[in-house]
Amino acid sequence: AQTVTQSQPEMSVQEAETVTLSCTYDTSESDYYLFWYKQPPSRQMILVIRQEAYKQQNATENRFSVNFQKAAKSFSLKISDSQLGDAAMYFCAYRRRAGTASKLTFGTGTRLQVTL
Amino acid sequence: ETGVTQSPTHLIKTRGQQVTLRCSSQSGHNTVSWYQQALGQGPQFIFQYYREEENGRGNFPPRFSGLQFPNYSSELNVNALELDDSALYLCASSRGLAGGSSYEQYFGPGTRLTVT
C-alpha cells in the first residue's frame, strides 16, 4: 500500500519570503503522479502543482515549485514570495498512473501561516 | 463551466440515523470519488463511481454506500451513524479513469457532518 508522510504539522513564513514544505512517500510502483493541494478555510481542495514520476524535470507553477527526488521518494514544495493568501493547509498526495486505481492517497497536511 | 457542488453544506445527525450526501460533478466529468476528512487529518478515499458502477473502494465498512446517476451526479449514503463518522465529506470528479494527467480530480467544497 502507498503511504504519504508530511512531518511538519505547522510552518510559518513572513510575507515575501520563501518556505519549503516537506513530503515523503512510499510505493512499489514506478509510474505515478504526485500532487500538492491547498485547502483554505473555505475547505475546497485546490490543486497547486502536479509532478509526473517519469519526468525528471521539477514542475513549476508561478511562485510554486517542487523538488522531486524519485530515488529518495521525496517531494517538497517551495513557495516563493509568500503572500497572505497562501495561508492554508497543504496536502501532499499520491496517485498511481496505471489502470483504474485513480484514488488519491493524502498525507496528514501542513498548516502554513503567513505573517506580516 | 460549472464546478463540483455538494449539498448540504452542514448536517447534524444523531447516532444510529442514516444520512445522504449529494454531489454534482463538473460538466463533462463521468467519474466521482468520495473522501472522508476527519478533523486534523488528510482525506481518506471511500469509493469511486465510474459510469454508474462502483470502481474501487477504500477501507470503509458496507454501511457506507453510494450511487451514481445517468447525469453522473452521485450520492453517498451512510447507515447506522457512529460518532466517528463526524467529518468533512469531499466529493471529487474527473473525466475518466485513465492514468493520464488530464484526468485530474476537481473537488467540491465538502459537507460537514456532525454526529451527536
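Naming convention: chains lettered A, B, ... in sequence-line order (proteins, then strands); numbering from 1 in each chain.
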With a 4.5 angstrom heavy-atom cut-off, is it the side chain or the backbone of [X] that approaches chain B, or both, or neither?
X	value
Thr108(A)	both
Phe35(A)	side chain
Leu47(A)	side chain
Gln39(A)	side chain

message: Is Tyr35(B) close to chain A through its backbone or its side chain, or both, or neither, when contacts mean heavy atoms under 4.5 Å?
response: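 The answer is the side chain of Tyr35(B).
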[X] atom [atom1], neighbour heavy-atom count above 12 within 6.0 Å:
X	atom1	value
Arg15(B)	CZ	no
Gln68(B)	CD	yes
Lys73(A)	NZ	yes
Asn71(B)	CG	yes
Ile12(B)	CD1	no
Leu83(B)	CG	yes

same_hphob_cluster(Val4(A), Leu112(A)) at 4.5 Å side-chain heavy-atom cutoff: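 Yes, one cluster joins them.
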message: Checking Glu104(B) against Arg95(A) for the side-chain contact (heavy atoms from CB on, under 4.5 Å) test, could you report, in this order, the C-alpha distance in whole Å, the side-chain angles of both residues, the deciding distance, and whether it holds?
response: CA-CA 10 Å; Glu104(B) 293 306 341; Arg95(A) 173 166 69 89; 4.1 Å; yes
[atom2] on [Y] to [atom1] on [X], rounded to 0.5 Å:
X	Y	atom1	atom2	value
Arg57(B)	Lys103(A)	CZ	NZ	12.5 Å
Phe91(A)	Gln37(B)	CZ	CD	4.5 Å
Arg43(A)	Thr111(B)	CZ	OG1	7.0 Å

query: Does Phe107(B) offer a backbone N or O that forms a donor-acceptor pair with the side chain of Gln44(A) under 3.5 Å?
result: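 Side chain of Gln44(A) to backbone of Phe107(B), a donor-acceptor pair under 3.5 Å: yes, one is there.
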